[in-house]
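Residue numbers begin at 1 in each chain, while the letters A, B, ... track the order of the sequences.
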Amino acid sequence: MSKEKYDFYERVFDVVRLVPHGRVTTYGAIAKFLGASKSSRLVGWAMNRSHGLIPTVPAHRVVNRVGLLSGKAHFSNPTEMQRLLESEGIQVKDDQIINFYDVFWDPALMDL
DNA sequence: TGAATGACTCGAT
DNA sequence: GATCGAGCCATTC
């Protein structure tokens with residue numbers, strides 16, 4: 001519970017909040033962007049704690065490397081994640097993003 | 001303090 | 001090409 005320095009979680013939240021509307025990213029991409037490509041699991045941990053944060057963290061825009069809504073079960077309602085994605089124009093079928101390659105957004109490629 | 005956990009990823013079979 | 005197993009690292013019990 002360190003508070004002085006930027007927590008690993010906060011950095012993750014920061015990146016997730018940078019994800020453009022209608023786009024998604026992966027845990028690995030975030031981890032890699034933070035310089036901890038091998039800590040992709042920590043990104044998942046961070047998301048688990050993202051509930052109730054202000055400002056809200058668009059955790060629904062974060063999926064695993066194959067575009068699967070691996071974390072939808074952790075939402076208030078399992079259907080919430082898919083519903084949010086679809087509302088942003090992202091096609092989801094069987095808990096998986098269809099046009100994943102098209103909507104994928106890599107924080108490392110963000111336009112500075 | 002040590003062991004277990006996790007919304008992942010990659011490499012090998 | 002699909003499936004299985006090990007690695008990785010911070011947080012939690």
Checklist entry - Is there a residue in residues 51-61 of chain A whose heavy atoms reach under 4.0 Å of DNA chain B, and which residues are they? => result A/His51, A/Ala59
Next on the checklist: Side chain of A/Arg49 only, heavy atoms from C-beta on: which candidate in B/dA7, C/dA10, C/dT11 is closest?
Outcome noted: C/dT11
Checklist outcome for this item: Whole-Å distance, A/Trp45 CH2 to B/dA7 C1', equals 10 Å
Checklist entry - Is the shortest heavy-atom distance from the side chain of A/Leu85 to the side chain of A/Leu69 under 4.5 Å? => result yes
Checklist outcome for this item: The side-chain contact (heavy atoms from CB on, under 4.5 Å) partners of A/Ser40 (sequence neighbours excluded) come to A/Ala31
Output side-chain donor-acceptor pairs under 3.5 Å for residues 96-108 of chain A, partner residues at least two apart or in another chain, one line each.
residue	atom	partner	partner atom	Å
A/Asp106	OD1	A/Ala108	N	3.0

Checklist entry - How would you list, by chain and number, every residue that makes a ring-ring contact (aromatic ring centres under 6.0 Å, His included) with A/His74, sequence neighbours excluded? => result none
Item to check | Inter-residue atom distance A/Ile30.CD1 - A/Met47.CE, 0.5 Å rounding | outcome: 5.5 Å
Item to check | Sub-4.5 Å side-chain heavy-atom contact between A/Leu68 and A/Val63 | outcome: no
Checklist outcome for this item: Rounded to the nearest 0.5 angstrom, the CZ-CD1 distance for A/Phe13 and A/Ile54 is 12.0 Å
Item to check | Any pair counted as salt bridge (charged side-chain N to carboxylate O under 4.0 Å, His left out), so long as it reaches residues 22-45 of chain A, sequence neighbours left out | outcome: none
Next on the checklist: Taking salt bridge (charged side-chain N to carboxylate O under 4.0 Å, His left out) as the cut-off, I'd like each qualifying pair that reaches into residues 55-82 of chain A, sequence neighbours left out, listed once.
Outcome noted: A/Arg61-A/Glu88, A/Lys72-A/Asp95, A/Glu80-A/Arg83
Item to check | Close approaches to DNA chain B from residues 29-36 of chain A, in residue order (heavy atom, under 4.0 Å) | outcome: none
Item to check | Separation of atom OH in A/Tyr27 from atom P in B/dC10, rounded to whole Å | outcome: 14 Å
Between the protein and nucleotides 4-8 of chain C, list every N/O to N/O distance that falls short of 3.5 Å.
residue	atom	partner	partner atom	Å
C/dG7	O6	A/Arg41	NH2	2.7
C/dC8	N3	A/Arg41	NH1	3.0

Next on the checklist: Can you list, in residue-number order, the parts of residues 16-25 of chain A that come under 4.0 Å of DNA chain C, counting heavy atoms only?
Outcome noted: none
Checklist entry - Are A/Leu34 and A/Met110 connected, step by step, through hydrophobic side chains (Ile, Leu, Val, Met, Phe, Trp, Tyr) whose heavy atoms are closer than 4.5 Å? => result yes
Checklist entry - When we call it a touch if two heavy atoms are under 4.0 Å apart, what does A/Asn64 touch: a base, just sugar-phosphate, or nothing? => result sugar-phosphate
Checklist outcome for this item: Minimal heavy-atom distance between A/Ala29 and A/Thr26, with the atoms involved, is N-OG1, 3.1 Å
Item to check | Shortest non-hydrogen separation from A/Ile90 to A/Val24 and the atoms involved | outcome: CD1-CG1, 3.4 Å
Item to check | A/Tyr9 OH to B/dA7 P, straight-line distance once rounded to whole Å | outcome: 12 Å
Checklist outcome for this item: Sorted by chain and number, sequence neighbours left out, ring-ring contact (aromatic ring centres under 6.0 Å, His included) with A/Phe33 holds for none
N/O-N/O pairs, protein side and nucleotides 1-4 of chain B side, under 3.5 Å:
none

Item to check | Value rounded to 0.5 Å, distance of CZ in A/Arg49 from OH in A/Tyr9 | outcome: 5.5 Å
Next on the checklist: Do A/Phe75 and A/Val57 land in one hydrophobic cluster if side-chain heavy atoms of ILVMFWY residues count as linked below 4.5 Å?
Outcome noted: no
Checklist entry - OH of A/Tyr27 to OG of A/Ser70: how many Å apart, nearest 0.5 Å? => result 3.5 Å
Item to check | Joint hydrophobic cluster, A/Met81 plus A/Trp45, side-chain heavy atoms closer than 4.5 Å | outcome: no
Item to check | Members of residues 65-85 of chain A that approach DNA chain B, where some heavy atom sits under 4.0 Å away | outcome: A/Arg65, A/Ser70, A/Gly71, A/His74, A/Phe75
Checklist entry - Within a strict 4.5 Å, meaning less than it, do heavy atoms of the A/Pro58 and A/Val16 side chains meet? => result yes
